[in-house]
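Read through the structure below, which is laid out as structure tokens, and then see the notes.
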Amino acid sequence: MKALTRSASPRCVLFAMGTMVLMATSACASAPATANNPMPQAVAAPAATPPRVPLNTVESLRQLIDNHQLTEIRTTYNSTYGASLLFRPETLGYYVVLFHGKEFWRVMQTDSFDDAESLYRTFVAQTQTLGQVEIDTLRLDAGNKYAEHMISVNEAKLRSLQQDANNQQQQARQVAEAQEQSRQQAVTLSSDLHNTNAQLDAVKQQIRALEAVQANPALVLPTPAPPPASTTATPTTQPQQQPPATP
């Protein structure tokens, strides 16, 4: 009896609980929904754990680079734009990267070397187009700076040449003044030399005359001076004139 009672008791409990649930369910279904007796809400299911978001290609590539799991096969630069072809030996996969500066712009992943080569050539062509603007800007900027530098250099050279020209003109004026003074002095000296030569010729003539006198062996006496004239005048008798004869 006790065993039967133990075995029958749980069944009775379960049966009673089921009856109560069915009665409550039928009552809820038959009762109209009112403001005081709203419709029962369905029990919300527990929230599921969100799935782990996989890393995108750029982040995956950065991790592979940081872990030194990639080998660089080719890289081309055009100004600040570049393209790289990377190989991952562990998976025999290829990564083709288009980057600007130090930032990855586009990353393509493939297991085919031919596809990787094609993508790489496409990215290289894009870097040529994108980098050409920067290259032209760089060249034009350098050209402008070089032109400004050359302007500064030539202006300094022009100032130096102008200073030299002013110095030369000043020196030329000084030389011209000195030449004029020398010319006037030469004219004066020429006149003085002419007079001096005339005096020299006169002195030489006197010297030659004296030398000639001294070289003459004949005794030359000086000419006596004439006697002085008498101071008493003798009257002069004039002949008397005869009267003319009478015929």
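For the numbers below, each heavy atom of this structure counts, side chains included, while hydrogens, waters and symmetry mates do not. This is a predicted model, so every value here is computed, not measured.
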Exercise for review: Check for a donor-acceptor pair, side chain of S190 on one end and backbone N or O of A186 on the other, with a separation under 3.5 Å.
Suggested key: no

Exercise for review: State plainly whether one hydrophobic cluster holds both Y77 and V133, where clusters connect Ile, Leu, Val, Met, Phe, Trp and Tyr through side-chain heavy atoms under 4.5 angstrom apart.
Suggested key: no

Revision key, fill the gap. So CG of L70 and CZ of F87: to nearest 0.5 Å the spacing works out to 10.0 Å

Point to revise | N67 (side chain) donor-acceptor with Q63 (main chain) under 3.5 angstrom | key: yes

**Study point:** Closest heavy-atom pair and its distance - S79, E134
**Key:** OG-OE1, 2.6 Å

Check your understanding: If you look only at pairs with a residue in residues 62-89, which of them pass as a salt bridge (Lys or Arg N to Asp or Glu O under 4.0 Å), with sequence neighbours excluded?
Key -> R62-E103, R74-E117, R88-E90

Practice item. Specify whether Y81 and W105 have parallel, tilted or perpendicular ring planes, treating 30° as the upper limit for parallel and 60° as the lower limit for perpendicular. Key: tilted

Practice item. Please check if L92 and Y120 belong to a single hydrophobic cluster, counting links between Ile, Leu, Val, Met, Phe, Trp and Tyr side chain heavy atoms closer than 4.5 Å. Key: yes

Point to revise | Straight-line distance of I73 CD1 to L86 CG, nearest 0.5 Å | key: 7.5 Å

**Study point:** From OG (S84) to OH (Y95), nearest 0.5 Å
**Key:** 14.5 Å

Practice item. For D115, enumerate each residue passing the side chain to side chain contact (heavy atoms under 4.5 Å, CB included) test, keeping only those at least two apart in sequence or located in another chain. Key: T110, S112

Exercise answer: donor-acceptor pairs, residues 152-167 side-chain atoms, under 3.5 Å, sequence neighbours excluded:
residue : atom : partner : partner atom : Å
N154    : ND2  : M150    : O            : 2.6
Q163    : NE2  : N167    : OD1          : 3.4
N166    : ND2  : Q162    : O            : 3.2
N167    : ND2  : Q163    : O            : 3.2

Check your understanding: Between OG1 of T76 and CG of L98, what distance do you get to the nearest 0.5 Å?
Key -> 11.0 Å

Check your understanding: Between the side chain of S191 and the main-chain N/O of V187, is any donor-acceptor distance below 3.5 Å?
Key -> no

**Study point:** K102: partners by salt bridge (Lys or Arg N to Asp or Glu O under 4.0 Å), with sequence neighbours left out
**Key:** none

Revision key, fill the gap. When rounded to the nearest 0.5 Å, the distance separating CD of Q179 from CD of Q174 is 13.0 Å

Check your understanding: For L193, which fellow cluster members are found when Ile, Leu, Val, Met, Phe, Trp and Tyr are connected by side-chain heavy-atom distances below 4.5 angstrom, either directly or through intermediates?
Key -> none

Point to revise | Main-chain N/O of D114 paired with S118 side-chain donor or acceptor, under 3.5 Å | key: no

Check your understanding: Do you know which two heavy atoms are closest between A116 and V96, and how far apart they sit?
Key -> O-CG2, 3.6 Å

Practice item. Name all residues meeting the ring pair (Phe, Tyr, Trp, His ring centres under 6.0 Å) criterion together with F104; count only those two or more places apart in sequence or in a different chain, and write none if there are none. Key: none

Check your understanding: Atom CG in L119, atom CD in Q109: separation rounded to 0.5 Å?
Key -> 11.5 Å

